[in-house]
Structures are given as C-alpha cells and as structure tokens.
Amino acid sequence: MVYMTGSHFPEGLGGSGRPTTEQIAEEMTPDQYDELGDPDNWRYLGEKQDSGRLVHTTDVPPGTTKIYEVWGDEFGQLLELHYERHLDGTITGLKLKEFSP
C-alpha cells in the first residue's frame, strides 16, 4: 500500500540529502496522521540493503539514486520511505509504504 506520494523537495536538513520529518508531514493527510502518528515522533532506523542504487531511466537526471529507508512510526509500526536523491541534494518522488523485509 502506498500511503502518499510527494513532489520536489530542496536539500534535506543540514545537507543530509534525506527528507526531514517536516517534509514528510507536508505530504501526509489527516487520516495518515491518525494511522501513523506525527513524523516528529518517528524513529529513523536506516537504509534498506538495496538503497542507493543508480536510477537508469530517462526521466531523471544522470547520477540520481533510489533511496529506501526504514522508519518506525509513533505506534511501533515499521514503514518504508522511498525517494530519488539527485546529485544536487534535491529529493523527488517521496513515497511512504508498508514495510517489507
């Protein structure tokens, strides 16, 4: 299940190249807040094994990588955050999904 899809974000907090919890919150609906809680209360648990691979399609700039992160929501449920990170640090294609091992 895809919880949300996002648009284009500037470079993440402190130049990390990762979306901030504020950026994640901007894309969530009120129903998602009820189900997943406030992203400020989530825990970042790291990247999945296949994270960081180059994207080989013509619709993204060269050097773009696909990132898969694991987060724990406010209620202890594991989630995946998927997005593309571009060489300039910008983030596109933010998607929040159910965790899959």
Side-chain angles (χ1 to χ4, degrees):
M1 165 189 287
V2 174
Y3 290 110
M4 67 181 178
T5 57
S7 52
H8 185 82
F9 290 110
E11 186 172 336
L13 181 65
S16 69
R18 287 193 10 236
T20 64
T21 55
E22 181 178 294
Q23 291 168 327
I24 295 168
E26 289 174 8
E27 294 296 315
M28 293 175 67
T29 67
D31 287 341
Q32 291 164 339
Y33 266 95
D34 290 343
E35 183 179 349
L36 307 172
D38 184 342
D40 281 336
N41 298 324
W42 294 2
R43 290 177 303 123
Y44 172 72
L45 300 173
E47 291 187 10
K48 288 187 80 171
Q49 183 175 0
D50 291 338
S51 186
R53 293 185 184 206
L54 286 175
V55 178
H56 296 289
T57 63
T58 58
D59 59 337
V60 297
T64 299
T65 55
K66 184 69 174 179
I67 305 299
Y68 307 102
E69 296 180 345
V70 179
W71 289 75
D73 75 10
E74 191 169 346
F75 309 109
Q77 176 179 315
L78 293 179
L79 305 167
E80 291 182 21
L81 187 65
H82 297 194
Y83 57 92
E84 290 87 32
R85 183 185 304 141
H86 305 281
L87 287 177
D88 64 0
T90 57
I91 297 165
T92 58
L94 192 65
K95 296 178 184 73
L96 189 58
K97 299 184 175 195
E98 291 179 359
F99 177 75
S100 64

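What you see below is based on every heavy atom in this structure, not just the backbone, and it leaves out hydrogens, waters and symmetry mates. Keep in mind that this is a model prediction, so the values were computed, not measured.
- Counting heavy atoms from C-beta on, the side chains of Y83 and L94 come closer than 4.5 Å.
- Around CD of E22, the count of heavy atoms belonging to other residues, nucleotides or ligands within 6.0 Å does not exceed 12.
- Residues S51 and Y68 come closest through the heavy atom pair OG-N, 3.0 Å.
- Of the possible polar contacts, one joining the W42 side chain to the L36 backbone as a donor-acceptor pair under 3.5 Å is found.
- Of the inter-residue distances, the one linking T29 atom OG1 with E27 atom CD reads 11.0 Å to the nearest 0.5 angstrom.
- Looking at Q23 and T21, their side chains never come closer than 4.5 Å, going by heavy atoms from C-beta outward.
- The side-chain heavy atoms of L78 and V70, taken from C-beta on, include a pair separated by under 4.5 Å.
- Sorted by first and then second residue, the pairs that involve residues 61-74 and meet salt bridge (charged side-chain N to carboxylate O under 4.0 Å, His left out), not counting sequence neighbours, are R18-E69, K66-E84.
- K48 is listed as a side-chain neighbour of S100, based on a closest heavy-atom distance under 4.5 Å.
- The structure places NE2 of H86 at 4.5 Å from OG1 of T64, a figure rounded to the nearest 0.5 Å.
- Note on F99: it clusters hydrophobically with L45, by side-chain heavy-atom contacts below 4.5 Å among ILVMFWY residues.
- Between Y33 and P39, the shortest heavy-atom contact is CE2-CD, 3.7 Å.
- The shortest heavy-atom contact between H56 and L54 is CD2-O, 3.5 Å.
- Here the side chains of I67 and I91 are not in contact, with every heavy-atom distance at 4.5 Å or above.
- Rounded to the nearest 0.5 Å, atoms CG (L96) and CD (E98) are 10.0 Å apart.
- Every pair passing salt bridge (charged side-chain N to carboxylate O under 4.0 Å, His left out) that includes a residue from residues 51-63 is listed here, sequence neighbours excluded: D50-R53.
- Considering only heavy atoms from C-beta on, L81 comes within 4.5 Å of I24 through its side chain.
- With sequence neighbours left out, Y44 forms a ring pair (Phe, Tyr, Trp, His ring centres under 6.0 Å) with W71.
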